[in-house]
Amino acid sequence: FEQLFLEYGISACANGEYVNGFQWDYPNIWPPMQYIAYVACVNCGLLNEAEEIKNTYLDKQLASLEKDINTIRTKSEAITNAAKAIDEKKGQDIAIIDIGTKAAFADYMIIASGGSERQVKALCDEVEDKLAEQNVFVKNIEGKNNSGWILMDYGDIIVNLLTVDL
């Protein structure tokens, strides 16, 4: 039983002479294997072993899934809050574009315009402040000095602010 327990999951077979290089052979891990092994142990009355599997793997997978869900929720809230911040400062032509399938550098781009350089700067400051309130911080800002555009890089989210003339 213990020889199937590996650091990241349960292997379908132990290391030995019968390992032939198949995708399920040692040391490969198939994520549903943890659940299958857990249910099998419960069904066979091996409750201590089932509890060990649950504590070792299933709880870690659940925690990882919850972290992923929180990351998605934070990203969604950041996009919404950035767009609201731009709207509150009278930004124009606000567009949220899902670029995740077309670009490797980000998942979303928010594009908006302001009537003047001063307004574009105010939009930038407002977005930066609103997202900082939810602990989302800008990684880099380009084009801030009288260029007519500002690009804010939040990693998975890019905010591109332009003057109307551009």
Side-chain angles (χ1 to χ4, degrees), residues 5-12 21-38 53-166:
F5 278 62
L6 303 175
E7 182 178 359
Y8 299 105
I10 297 174
S11 180
F22 295 113
Q23 66 186 24
W24 55 82
D25 279 348
Y26 177 90
N28 294 328
I29 305 300
W30 183 48
M33 185 60 71
Q34 283 67 243
Y35 182 71
I36 293 168
Y38 171 79
I53 291 168
K54 178 186 173 299
N55 293 338
T56 304
Y57 302 114
L58 298 180
D59 289 347
K60 287 180 186 176
Q61 289 176 347
L62 181 58
S64 176
L65 181 59
E66 287 172 352
K67 181 181 173 195
D68 291 346
I69 289 169
N70 286 335
T71 299
I72 293 166
R73 184 177 299 124
T74 300
K75 189 185 303 184
S76 175
E77 289 170 357
I79 293 165
T80 301
N81 290 340
K84 282 182 182 176
I86 294 167
D87 187 54
E88 288 169 5
K89 288 290 181 182
K90 308 295 183 214
Q92 303 167 29
D93 307 317
I94 303 167
I96 300 169
I97 305 167
D98 181 350
I99 61 172
T101 59
K102 295 174 178 54
F105 59 88
D107 292 333
Y108 291 92
M109 181 175 286
I110 302 171
I111 301 174
S113 57
S116 66
E117 295 265 350
R118 176 185 274 176
Q119 186 184 17
V120 169
K121 170 76 170 88
L123 295 173
C124 175
D125 292 342
E126 187 69 10
V127 169
E128 190 170 8
D129 292 345
K130 290 291 186 188
L131 294 188
E133 288 174 9
Q134 73 176 89
N135 294 319
V136 176
F137 301 100
V138 67
K139 295 179 183 338
N140 193 28
I141 297 178
E142 295 290 333
K144 224 172 185 178
N145 298 326
N146 300 321
S147 62
W149 65 273
I150 297 176
L151 185 134
M152 306 173 75
D153 182 358
Y154 283 92
D156 288 341
I157 303 167
I158 301 294
V159 179
N160 201 350
L161 304 168
L162 312 149
T163 57
V164 175
D165 342 341
L166 292 178

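Bear in mind the structure is a predicted one, so any value in this text is a computation, not a measurement. For the numbers below, each heavy atom of this structure counts, side chains included, while hydrogens, waters and symmetry mates do not.
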Colleague: Any side-chain heavy-atom pair from Ile150 and Ile141 closer than 4.5 angstrom?
Modeller: yes
Colleague: When rounded to the nearest 0.5 angstrom, what distance separates CD in Glu126 from CG in Leu161?
Modeller: 11.5 Å
Colleague: Less than 4.5 Å apart, any side-chain heavy atom of Gln134 and any of Leu131?
Modeller: yes
Colleague: Just verifying a value: how many Å separate Ile94 CD1 and Asp87 CG, rounded to the nearest 0.5 Å?
Modeller: 4.5 Å
Colleague: Compare all side-chain heavy atoms of Val159 with those of Ile86 and state whether any distance is below 4.5 angstrom.
Modeller: yes
Colleague: Rounded to the nearest 0.5 Å, what separation is found between the CG atom of Asp107 and the OG1 atom of Thr101?
Modeller: 9.5 Å
Colleague: Does Glu117 reach the main-chain N or O of Gly148 with its side chain, forming a donor-acceptor pair under 3.5 Å?
Modeller: yes
Colleague: Under 6.0 Å from the NZ atom of Lys89, do we count more than 12 heavy atoms belonging to anything else shown?
Modeller: no
Colleague: Gly155 and Ala106: which non-hydrogen atoms are nearest, and at how many Å?
Modeller: O-CB, 3.7 Å
Colleague: Would you compute the distance between atom OG1 of Thr163 and atom CG of Leu123 and round it to the nearest 0.5 angstrom?
Modeller: 11.0 Å
Colleague: Roughly how far apart are Asp125 CG and Met152 CE, rounded to 0.5 Å?
Modeller: 8.0 Å
Colleague: Can you name the nearest heavy-atom pair linking Val164 to Gly115, along with the distance?
Modeller: CG2-CA, 3.9 Å
Colleague: Looking at side-chain heavy atoms only, is the closest gap between Ile110 and Tyr154 below 4.5 Å?
Modeller: no
Colleague: NZ/Lys84 to NZ/Lys130 distance, rounded to the nearest 0.5 angstrom?
Modeller: 10.0 Å
Colleague: I'd like to know if the side chain of Thr80 and the backbone of Ser76 have a donor-acceptor N/O pair within less than 3.5 Å.
Modeller: yes
Colleague: Measuring only between side-chain heavy atoms, which start at C-beta, is Asn160 closer than 4.5 Å to Trp149?
Modeller: yes
